[in-house]
Protein chains: 2
Amino acid sequence: MRELDAKDRDILGILSKEARIPLKTLAGRIGLSRSATSERVASLENSGVIRGYRADIGQMDKGLICAFLLVTLIRTPSIGILDQLARYPEVRRVSSVSGQLDLIVEIEVPSIDRLNTLRDLIASHGGVEDLTTAIVLRRDIERAVD
Amino acid sequence: MRELDAKDRDILGILSKEARIPLKTLAGRIGLSRSATSERVASLENSGVIRGYRADIGQMDKGLICAFLLVTLIRTPSIGILDQLARYPEVRRVSSVSGQLDLIVEIEVPSIDRLNTLRDLIASHGGVEDLTTAIVLRRDIERAVD
DNA sequence: GGCGCAATCGACGCTTTGCCGGATGCCCCA
DNA sequence: TGGGGCATCCGGCAAAGCGTCGATTGCGCC
């Protein structure tokens, strides 16, 4: 499979919100037979378009503090910092960005103490010029992929 | 269900990576019978710990530009801005944060033009004092919930 | 026109699931 | 101490799920 037609897109749209929907229901919604739908889904999985299925966990991060670390580096291509960040399991996501910032690091820590420790550890890295912490007080909007 | 024991955590860990694993296999991995596992999963779903199941789409976001908008508000409890943000489907997540910033808005747009348009629309809101754009050049680290 | 490929359909049989009754372990209170 | 009450576990049954098969259809190209 190379090109994704409209029905493939429908499948992806539905599965990205309800990954455990019965094949029969899915087939009904996109207007195909169950077996044809089955083959399309299998094809999407095998070709790597569907990389997997994830449970969306809500409560689990209860008690966890989320924060953004806004990082400016001395010289942008500072490789070592990424290796260091990868070592901390609390680091959820790191994005290289354009503009005055260089990295946006998203972390989830169990306590403010751990946040400070982590912050200090990262700030003390030679490549870090500036580091601003923004603790998440509330998720105002959070949308799944549509 | 209030407290999550070790087995619940195991279930969440496995389902967060392989949401469509057969119940029997899941039961084998956590060391419980199939029906007990079934009940636990159902309980986790009903209590809202598992919010849903999503297909992880690879190719689909191709061509989409991700960006962070770092927003400072005039007066922090500026309700109107959230309503406005919620109207744009490109807005993926909005977090109220502590520190010099007030909001961190994550968006996904199909083009730089659309990014600029969105940026201007948000910046022109009365409650916005300052707005910095950080376009994501690369995702260096991205981890699923563990 | 006729051949071939790709996609669809309905049907078959196996697997997985939801639901039930009964057994087991734990806690609390008389 | 002992006996309910509650939560959790297990195994079995019926129903619904799924993958796979051959046959059919639609379409493009020789």
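All chains are named by letter (A, B, ...) in the order of the sequence lines, taking the proteins before the strands, and each is independently numbered beginning at 1. What you see below is based on every heavy atom in this structure, not just the backbone, and it leaves out hydrogens, waters and symmetry mates.
- Between the side chain of Ser35(B) and the base of dG11(D), at least one donor-acceptor pair of N or O atoms lies under 3.5 Å.
- The interatomic distance linking Asp8(B) (CG) with dC9(D) (P) rounds to 9 Å, in whole Å.
- Salt bridge Arg34(B)/Glu39(B): absent, no basic N to carboxylate O contact under 4.0 Å.
- In this entry the distance linking CG of Asn46(A) with P of dG19(D) reads 11 Å, nearest Å.
- Looking at the side chain of Pro22(B), the nearest of the listed nucleotides dC18(D), dT16(C), dC10(D) is dT16(C).
- In this structure a side-chain-to-backbone donor-acceptor pair under 3.5 Å is present from Arg20(B) to Ala19(A).
- Here Glu18(A) pairs with Arg29(A) in a salt bridge; the nearest charged N to carboxylate O distance falls below 4.0 Å.
- Under the 4.0 Å criterion applied to side-chain N and carboxylate O atoms, Asp140(B) and Arg138(B) are assigned as salt-bridge partners.
- Between the CD1 atom of Ile21(A) and the P atom of dT16(C) there is a distance of 21 Å, given to the nearest Å.
- Rounded to whole angstrom, the span from the CG atom of Leu32(B) across to the P atom of dT8(D) amounts to 12 Å.
- Two residues, Arg20(A) and Gly31(A), neighbour DNA chain C, and the one matched to the more 5' nucleotide by heavy-atom proximity is Gly31(A).
- Nucleotide dA7(D) holds its C1' atom 11 Å from the CZ atom of Arg40(B), rounded to whole Å.
- Residue Arg34(A) places none of its side-chain N or O atoms closer than 4.0 Å to OP1 or OP2 of dA11(C).
- Neither OP1 nor OP2 of dG10(C) sits under 4.0 Å from any side-chain N or O of Ser33(A).
- Taking atom CD of Glu39(B) as the reference point, atom P of dT17(C) lies 14 Å away to the nearest angstrom.
- Of the side-chain N and O atoms in Lys24(A), none sit less than 4.0 angstrom from OP1 or OP2 of dC18(D).
- When distances are taken from the side chain of Leu23(B) to each of dT17(C), dT8(C), dG19(D), the shortest belongs to dT17(C).
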